[in-house]
Amino acid sequence: MIDFDARAALGSFHLDVTFRVPEAGTTVLFGPSGAGKTTVLALLAGAMKARSGRIEVGSSVFVDTARDHFVPLERRRLGWVFQDGRLFPHLTVAQNLTYGLKRRREEPIRVDEGRVLEVLGIGGLLDRWPRDLSGGERQRIAIGRALLAQPRLLLMDEPLASLDVPRKREILELLASIGIEFAIPIVYVTHSLAELVRLADHVVLLDRGRVLAHGPANDLLGRSDTPLLAARGDAGAIIEAPIAAQRPERGTTVLTLGAQQLQIPYLGGGVGHRVRVHIIANDVIVATERPRAISVRNVLSASVSRLSAREDGAVNVELALSDEHRLLATVTQEAVRELKLAPGLPVFALLKSVAIDAPAGSRLLEIS
């Protein structure tokens with residue numbers, strides 16, 4: 001587990017943050033600018049000292065101010081990737097990559113250099129200088145250097161922020177596979193919902209130096225009242241489910257949701273392969289009777305579990321599809337009154353399969 005409990009001050013900014021998340025997988029620190037995300041990362045890394053608190057990763061206690069205990073950054077075995085890569089300009093790509101290895105000679109080699117070159121696609125760049133690389137290439141090298149430092153934990157501070165849209169898509173897909181490929185837990189800072197949806201196993205929501213909520217991503221993104229997320233126009237729910245069938249002739253893939261099925265645009269992969277989809281609340285229609293003779297391919301039985309009024313006058317309706325799966329729908333107050341929506345009411349959730357489409361890779365997501 002990662003147990004983080006720290007208070008710190010940076011000028012007029014005060015941080016008071018406590019959360020506990022599994023060490024495995026990817027934990028996303030999400031919030032607006034000035035929320036304290038980078039400060040949490042700096043405290044976790046040891047680049048900044050807490051005024052008070054305790055920080056523990058697994059069985060290692062990094063900070064315990066009650067005992068005046070502080071492990072310095074260089075002894076925490078962490079890899080850190082920044083927005084701009086921060087490559088050493090006087091070293092070649094190969095020298096940048098091996099810099100981390102040289103500093104970790106005492107550690108067992110768990111991340112193989114050849115595998116890093118292959119996965120990141122950087123084998124052809126070894127003789128080049130950082131000044132000759134594109135932004136995406138620089139970030140690939142920065143990630144490789146962090147991995148080859150043999151870290152127990154990989155820290156990423158908005159690594160896509162300085163990239164253009166095509167490079168963001170490219171690196172985002174790469175990041176989604178790294179944690180699994182190298183079995184290294186990741187703590188990832190972002191204010192992008194697309195990055196959160198694509199990468200997060202666990203989420204810590206931050207604002208003004210405080211934790212608003214934390215927990216599994218598919219829990220927080222499926223609730224009607226989650227701070228920072230539920231009021232957004234692109235709010236929605238994550239559904240993870242196995243492929244039940246592939247229908248390329250129809251252009252669809254069918255997922256199993258308990259006793260029900262969900263049709264999404266065709267996605268390669270074998271039957272049983274698990275995928276993740278992010279379904280936007282504005283794309284979900286709620287009906288109290290099963291409709292007939294409509295083009296919508298997904299008509300799912302559900303029950304209303306919770307309603308939450310939004311500041312903009314809309315209402316978020318949380319819908320339970322099964323014990324494991326749920327959706328979020330955004331409707332008007334008039335619709336709530338006319339349909340008499342209330343917790344426990346059986347309804348139908350209507351979702352066009354073509355609405356679950358994401359050229360940017362943020363809503364249609366393969367996870368294993």
Side-chain angles (χ1 to χ4, degrees), residues 169 193-194 196-198 217-218 221-224 229-269 271 273-308 310 312 314-322 324-336 338-339 341 345-367:
R169 295 174 184 171
L193 182 63
L196 183 154
V197 167
R198 184 64 179 99
N218 57 3
L221 269 77
R223 281 171 35 186
S224 63
L229 300 179
R232 294 174 57 117
D234 52 359
I238 289 177
I239 286 183
E240 294 181 2
I243 294 174
Q246 296 283 17
R247 298 172 179 168
E249 71 285 356
R250 302 184 189 180
T252 60
T253 290
V254 181
L255 307 183
T256 298
L257 306 181
Q260 304 190 82
Q261 294 186 327
L262 176 70
Q263 292 190 46
I264 65 174
Y266 180 71
L267 177 69
V271 171
H273 193 93
R274 289 185 66 86
V275 298
R276 172 190 284 189
V277 292
H278 182 221
I279 298 176
I280 304 299
N282 287 344
D283 292 335
V284 179
I285 297 172
V286 180
T288 54
E289 297 180 359
R290 179 180 287 275
R292 300 176 60 186
I294 61 172
S295 64
V296 173
R297 299 294 86 188
N298 295 300
V299 179
L300 304 172
S301 298
S303 63
V304 177
S305 54
R306 179 164 40 186
L307 296 92
S308 299
R310 297 183 1 175
D312 60 3
V315 178
N316 284 332
V317 183
E318 192 176 317
L319 303 171
L321 302 176
S322 67
E324 181 183 358
H325 302 106
R326 58 187 166 182
L327 291 175
L328 200 60
T330 301
V331 303
T332 63
Q333 295 182 31
E334 182 181 22
V336 172
E338 289 187 359
L339 298 178
L341 299 180
L345 180 70
V347 295
F348 295 95
L350 283 60
L351 176 65
K352 296 172 66 175
S353 60
V354 293
I356 313 172
D357 192 10
S362 63
R363 289 166 64 191
L364 182 57
L365 312 166
E366 184 174 338
I367 61 172

[atom2] on [Y] to [atom1] on [X], rounded to 0.5 Å:
X      : Y      : atom1 : atom2 : answer
Leu327 : Ile238 : CG    : CD1   : 12.5 Å
Leu255 : Gln261 : CG    : CD    : 9.0 Å
Leu229 : Leu193 : CG    : CG    : 6.5 Å
Leu345 : Leu307 : CG    : CG    : 9.5 Å

If I compare all heavy atoms of [X] with all of [Y], which pair ends up nearest, and what's the gap?
X      : Y      : answer
Ala329 : Val286 : CB-CG2, 3.7 Å
Leu350 : Ala287 : CD1-CB, 4.0 Å
Leu267 : Gln246 : O-NE2, 2.7 Å
Thr330 : Ala314 : CG2-CB, 3.8 Å
Arg310 : Arg232 : NH1-O, 3.6 Å
Asn316 : Ala230 : ND2-O, 2.7 Å

If you define the side chain from C-beta out and look only at heavy atoms, does anything of [X] sit under 4.5 Å from [Y]?
X      : Y      : result
Val354 : Pro265 : no
Val275 : Thr253 : no
Pro291 : Val299 : yes
Asp283 : Lys352 : no
Gln263 : Arg247 : yes
Leu351 : Leu262 : yes
His278 : Ile280 : yes
Glu324 : Glu240 : no

Side chain to side chain contact (heavy atoms under 4.5 Å, CB included) evaluation trace for Arg326 with Arg223: CA-CA 9 Å; Arg326 58 187 166 182; Arg223 281 171 35 186; 3.8 Å; yes
Pro346: what forms a side chain to side chain contact (heavy atoms under 4.5 Å, CB included) with it, not counting sequence neighbours? none
I would like to know whether Leu319 and Val304 meet side chain to side chain contact (heavy atoms under 4.5 Å, CB included); could you show each step before the answer? CA-CA 5 Å; Leu319 303 171; Val304 177; 4.0 Å; yes
Counting neighbours of CD on Glu249 that are heavy atoms of other residues, nucleotides or ligands and sit closer than 6.0 Å, is the number greater than 12? yes
Would the distance check show the side chain of [X] and the main-chain N or O of [Y] forming a donor-acceptor pair, the cut-off being under 3.5 Å?
X      : Y      : answer
Glu318 : Ser224 : yes
Arg290 : Ser301 : no
Arg297 : Ser295 : yes

